[in-house]
**Q** 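Submitted below is the structure of interest, expressed as C-alpha cells.
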Amino acid sequence: LAPALTAMFLLIQYALVLQKYKLLGSSWKTMFWEVLIPSLRAEIMVIPLAMVMASVYHSEGAPRVGFWLLCATYVVLNVLFKQMSDATQRASDKLEELRAFSTLGRSLCGTVKARELTPLLAEKTLDMIGNADWCLLYVWNDDLNRFDAHRCLREGGGVDPEVEARGVELAHRVTVDKIPFTTGALPRGRPGETLQGEEAARLPGSWMGIPVTSHGQIISVIVVFSYTAGRFGAADFAILEMMGQQATIALQNARLYVLS
C-alpha cells in the first residue's frame, strides 16, 4: 500500500509541475533537464528512507506506528523538496527578471532622442508586462507645455473607443492625484490606490497606472490595460513600478541631451 500511495503522490506531483511549465511554453527538452533530472536527484536522497520503511514493515513484531511515522516522514520530505524547488524557481525567475531590466536599462539609456524614446518605452512596457494588451504613455513636452500621448498595442490587436477614453481619463487622474492605481492587488507596503466596488465595475478589463516623477514633478504617466478582468496581480504592479524607474532615468537623459 505504501509504495502504491507514494507512486501516486509522485506522479500527481510531477504531472502538476510539468503542466505548469508546459503552459508557460517550455519545451520537453527544457522540462527534462530543468525539472525531471533535478527532481529525480532529490528523490534519490530519500531512497534510503524508503528502504528503511520497507524493512520496518516486513520485520516481525515491528510496531505499525513506527512504519506510519516513516511514511509520514517520507511524504513530508517530498513536500519540502517541492517547496525548495519552487523557491529556487522563484529566485531564478527573479534573476532573469533583473537581467531583463538590466538589458532594458541599457537599451533605454542608449536612446536619447525623445521621438524615439517614447514609442520604445511603450513597446518595452508591453514586453515586460506580458499580461497587458495595450499601453498608454504620457510624456511631458517642455516646448508645448503639455503631455504628449503615445499608444502601443499588441500585434494584431485593437482598442475599443470606450477603452481608450477610460485610459485617457485614468492617465489624467494620475497626473492630478500623483499616486499609482490598479484594479488588482498592490504589493505589500507599496503606496497606491486599489480601484474597487462601483468604480472598478465601470471599468472594462484590468488596469494599472503609475506616475513617473523627477524632482517632485510628473514627467510621464504609464497606463496599461488588459481585456481580461483580474489579469494584473502584485507582481505585475511591481514590474510596472520598475519600468517607471527605468523611464525616469531614460527621460532625464533625453532632457539633458536636448539641453546640451
**Q** Thr182: which residues meet the side chain to side chain contact (heavy atoms under 4.5 Å, CB included) condition with it, sequence neighbours left out?
**A** Leu186, Thr194, Met208, Phe237

**Q** Show the nearest heavy-atom pair for residues Glu123 and Cys152, with the distance to one decimal.
**A** CA-SG, 3.8 Å

**Q** Compare all side-chain heavy atoms of Arg166 with those of Val168 and state whether any distance is below 4.5 angstrom.
**A** no

**Q** Parallel, tilted or perpendicular: which fits the ring planes of Phe225 and Trp207, with parallel below 30° and perpendicular above 60°?
**A** tilted

**Q** Evaluate the side chain to side chain contact (heavy atoms under 4.5 Å, CB included) criterion for residues Asn131 and Phe232: first the C-alpha distance (whole Å), next the side-chain angles of each, then the deciding distance (0.1 Å), finally the verdict.
**A** CA-CA 7 Å; Asn131 293 332; Phe232 299 136; 3.9 Å; yes

**Q** Taking Thr183 for its side chain and Ser206 for its backbone only, find out whether a donor-acceptor pair lies under 3.5 Å.
**A** no

**Q** Which atom pair, heavy atoms only, marks the closest approach of Val224 to Ala132?
**A** CB-CB, 4.1 Å

**Q** Would you name the heavy atoms of Val174 and Ile218 that are closest together and state the gap between them?
**A** O-CD1, 3.6 Å

**Q** Out of curiosity, Asp133 CG to Leu153 CG, how far, rounded to the nearest 0.5 Å?
**A** 9.5 Å

**Q** Indicate the atoms forming the closest heavy-atom contact of Glu193 with Arg173, along with that distance.
**A** OE2-NH2, 2.7 Å

**Q** Is there a side-chain contact between Phe181 and Ile210, using heavy atoms and a 4.5 Å cut-off?
**A** no

**Q** Grouping I, L, V, M, F, W and Y whenever their side-chain heavy atoms are under 4.5 Å apart, do Ile179 and Tyr138 come out in a common cluster?
**A** no

**Q** Tell me, do Val139 and His150 make a side-chain contact under 4.5 Å, heavy atoms counted?
**A** no

**Q** For Ile249, which residues count as a side chain to side chain contact (heavy atoms under 4.5 Å, CB included) partner, sequence neighbours excluded?
**A** Cys109, Asn253

**Q** Would you indicate whether the side-chain heavy atoms of Thr248 and Gln245 approach each other to under 4.5 Å?
**A** no

**Q** Is it possible for you to say whether Tyr227 and Leu126 belong to one hydrophobic cluster, with membership spreading through side-chain heavy-atom contacts below 4.5 Å?
**A** no

**Q** Taking the side chain as C-beta and beyond, is there a heavy-atom pair between Gln246 and Met128 under 4.5 Å?
**A** no

**Q** Between Gly216 and Lys178, what is the shortest heavy-atom contact and its length?
**A** O-NZ, 4.2 Å

**Q** By side-chain hydrogen bond (donor to acceptor under 3.5 Å, both in side chains), which residues pair with Gln252, not counting sequence neighbours?
**A** Ser214

**Q** Would you name the heavy atoms of Leu121 and Thr125 that are closest together and state the gap between them?
**A** O-OG1, 2.7 Å

**Q** Starting at CE of Met242, measure out to CD1 of Ile129 and round the result to the nearest 0.5 Å.
**A** 11.5 Å

**Q** Look up atom CD in Glu164 and atom CH2 in Trp134, then write down how far apart they are to the nearest 0.5 Å.
**A** 5.5 Å

**Q** Find the distance between CG (Leu170) and OG1 (Thr175) and round it off to the nearest 0.5 Å.
**A** 11.0 Å

